[in-house]
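The structure appears below as structure tokens.
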Protein chains: 2
Amino acid sequence: MSQQLFEHLNRFVQISKGDFKDIIEFFEVKKVEKKEVLARAGTLCNSIFFVEKGCLRMYFISEKGIEQTIQFALENWWMTDDLAYTERNPSDFYIQAVENAQVLSISYDQQERLLHTFPQLEKYFRRVYQIAYGSSIRKMKYLNSFSKEEIYFHFTAHFPEFAQRVPQYLIASFLGLTPEYVSEIRAKKRS
Amino acid sequence: MSQQLFEHLNRFVQISKGDFKDIIEFFEVKKVEKKEVLARAGTLCNSIFFVEKGCLRMYFISEKGIEQTIQFALENWWMTDDLAYTERNPSDFYIQAVENAQVLSISYDQQERLLHTFPQLEKYFRRVYQIAYGSSIRKMKYLNSFSKEEIYFHFTAHFPEFAQRVPQYLIASFLGLTPEYVSEIRAKKRS
DNA sequence: CGATTTTTTGAATCATATCAACGTACGTGG
DNA sequence: CCACGTACGTTGATATGATTCAAAAAATCG
């Protein structure tokens, strides 16, 4: 029984305790340690993860061999490489725990069965994805309208929980700055 | 009767001709001319648009007064400011026709009614948004891994239909380059 | 405490922006 | 169908934000 997921479902659709008992059966609870990898680039992306506790990040390794973070998931967020997942293709991305975490994991086939059994959940996921898509468009807006310095301070001001929980160099990589430059602008601001 | 939308729905869910007759009633056909604006920043974003023919773009006006394009929609794409739309907030973005276009438009309330009447469509939109979200993550990957020059040539190589239909300075703005720089790297490549 | 991870510093360099001006093309009305 | 005006693309000179590299300092963790 995951109180977390139950509440999150009920933010968008109405699910009874009884139905939820059956729904949760489709999932597997996974405890992962900091730095543990949940999914690998180059392999089939066959699961979606719901974060109950902790923090995940999605990243890829650039041609220069640098890890580039492109998404985080804190509590109540879903994470997977959605394009690879829907198209049944090998993923471009790694998914790794930034902190010790507990996630619910569901495989592609199980999710299909779940949605078939509880079609109300289509609405839930439709909304979740609509918000996720909208947010990523919003992120692009910030990336295009501000200087790197502004992007960094805008982000840490708007999402202080990240600045506290996630190392600075990961935030840098998520926002497309080098860690050195983050250091520099923070020093500049202090003085 | 929109053959376009009918076929697009049937890529993801099964809709009979009969049901589609009722579904299409929820929409309004809009013909828009090149440069015509369909939605304005600062106003409630109350419609979703499905492009039957032509091309739309979504943009905002930066603090420096520059129009920044952040999304295009060609045939069979949906477009709106999804975050503003779901949250019933004023939008950050303008939506404008890049070419003469024909779109199907549906209001928030109408879409709610539509989804209530035809719950199968929740699956359709879930998939559309999942793909849209996945694609926007993919775009971020490119933005973070390549130089501006690589981004430009990667994009025009992968999506030649845009390079043909859309003015260069809009592609520049979509990818986060200045038009001058695009000129420069194209000249460099020619020689 | 030592070992690893994360952050900082500084100097040199480069990719890309900015500004201003000019060239070209296209489509609209006369 | 020409001509004019606006929209689009190019060029070059200059400026700068941000990266790169190398190394040291600081923080965290077992």
Side-chain angles (χ1 to χ4, degrees), chain A residues 33-37 54-55 57 59 61-69 72 96-101 142-156 162-191, chain B residues 33-37 54-55 57 59 61-69 72 96-101 142-156 162-191:
Chain A
E33 298 204 339
K34 189 170 168 173
K35 305 260 167 174
E36 200 177 326
V37 170
C55 177
R57 72 171 177 130
Y59 67 95
I61 298 185
S62 75
E63 291 175 3
K64 290 159 205 142
I66 295 167
E67 290 184 5
Q68 300 269 8
T69 302
F72 291 111
Q96 186 195 44
V98 173
E99 309 169 347
N100 293 343
Y142 292 127
L143 293 182
N144 277 321
S145 43
F146 298 136
S147 72
K148 302 260 160 160
E149 182 175 347
E150 289 167 327
I151 288 168
Y152 178 79
F153 289 119
H154 183 276
F155 179 80
T156 51
F162 280 97
Q164 282 153 23
R165 292 172 66 171
V166 175
Q168 195 170 295
Y169 73 97
L170 287 185
I171 293 177
S173 142
F174 174 64
L175 298 174
L177 294 80
T178 58
E180 293 94 331
Y181 191 55
V182 170
S183 257
E184 190 182 325
I185 60 181
R186 295 185 75 212
K188 197 173 80 185
K189 197 164 204 197
R190 263 181 262 126
S191 65
Chain B
E33 298 203 341
K34 190 170 167 174
K35 305 259 167 174
E36 200 177 326
V37 170
C55 177
R57 71 170 178 130
Y59 67 95
I61 297 184
S62 74
E63 290 176 4
K64 290 158 205 144
I66 295 168
E67 290 185 3
Q68 301 269 7
T69 302
F72 290 111
Q96 186 195 43
V98 173
E99 310 167 349
N100 292 343
Y142 292 127
L143 294 182
N144 277 322
S145 44
F146 298 136
S147 71
K148 302 260 162 159
E149 182 175 349
E150 289 167 326
I151 288 168
Y152 177 80
F153 289 119
H154 182 276
F155 180 80
T156 50
F162 280 97
Q164 282 152 24
R165 293 172 65 171
V166 176
Q168 196 170 296
Y169 74 98
L170 288 184
I171 292 177
S173 142
F174 174 64
L175 297 174
L177 295 78
T178 58
E180 293 94 330
Y181 191 56
V182 170
S183 259
E184 190 182 327
I185 60 181
R186 295 185 75 211
K188 198 173 78 184
K189 197 165 203 195
R190 265 182 261 124
S191 63

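Atom set for the values below is all heavy atoms of this structure, side chains included, hydrogens, waters and symmetry mates excluded. Every chain is numbered from 1 and lettered A, B, ... according to where its sequence line falls, protein lines coming before strand lines.
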Worksheet item: Heavy atoms under 4.0 Å, any strand shown: does B:K35 hit a base, just sugar-phosphate, or nothing?
Response: sugar-phosphate
Item to complete: Please work out if A:Y181 contacts a base, only the sugar-phosphate, or nothing of the nucleic acid, heavy-atom cut-off 4.0 Å.
Response: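 Counting heavy atoms under 4.0 Å across all strands, the contact made by A:Y181 includes a base.
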Any side-chain N or O of [X] under 4.0 Å from OP1/OP2 of [N]?
{"X": "B:T178", "N": "C:dA17", "answer": "yes"}
{"X": "A:R186", "N": "C:dT7", "answer": "no"}
{"X": "A:Q168", "N": "C:dT5", "answer": "no"}

Rounded to the nearest 0.5 Å, how far apart are [atom1] of [X] and [atom2] of [Y]?
{"X": "A:E63", "Y": "B:E150", "atom1": "CD", "atom2": "CD", "result": "6.5 Å"}
{"X": "B:I151", "Y": "B:T156", "atom1": "CD1", "atom2": "OG1", "result": "11.5 Å"}
{"X": "B:L175", "Y": "B:F162", "atom1": "CG", "atom2": "CZ", "result": "10.0 Å"}

Between [atom2] on [N] and [atom1] on [X], what's the gap in Å once rounded to a whole number?
{"X": "A:E99", "N": "C:dT5", "atom1": "CD", "atom2": "C1'", "result": "16 Å"}
{"X": "A:I171", "N": "C:dT7", "atom1": "CD1", "atom2": "P", "result": "9 Å"}
{"X": "A:F153", "N": "D:dA18", "atom1": "CZ", "atom2": "P", "result": "12 Å"}
{"X": "A:N144", "N": "C:dT16", "atom1": "CG", "atom2": "C1'", "result": "14 Å"}
{"X": "B:I185", "N": "D:dT10", "atom1": "CD1", "atom2": "P", "result": "11 Å"}
{"X": "A:E184", "N": "C:dA11", "atom1": "CD", "atom2": "P", "result": "12 Å"}
{"X": "A:I66", "N": "D:dT19", "atom1": "CD1", "atom2": "P", "result": "11 Å"}
{"X": "A:K188", "N": "C:dG10", "atom1": "NZ", "atom2": "C1'", "result": "15 Å"}

Worksheet item: Would B:F174 and B:F155 count as a close aromatic pair, with their ring centres under 6.0 Å?
Response: yes
Looking at the side chain of [X], which of [options] is the nearest nucleotide?
{"X": "B:K148", "options": "D:dC21, D:dC29, C:dT16", "result": "C:dT16"}
{"X": "B:R190", "options": "C:dT8, D:dT11, C:dT16", "result": "D:dT11"}
{"X": "B:Y169", "options": "D:dT19, D:dC8, C:dA17", "result": "D:dC8"}
{"X": "A:K34", "options": "D:dC29, D:dT20, D:dG9", "result": "D:dC29"}

Worksheet item: On the ring face of B:F153, is B:K189 found with NZ or CZ under 6.0 Å from the centre and within 45° of the axis?
Response: yes
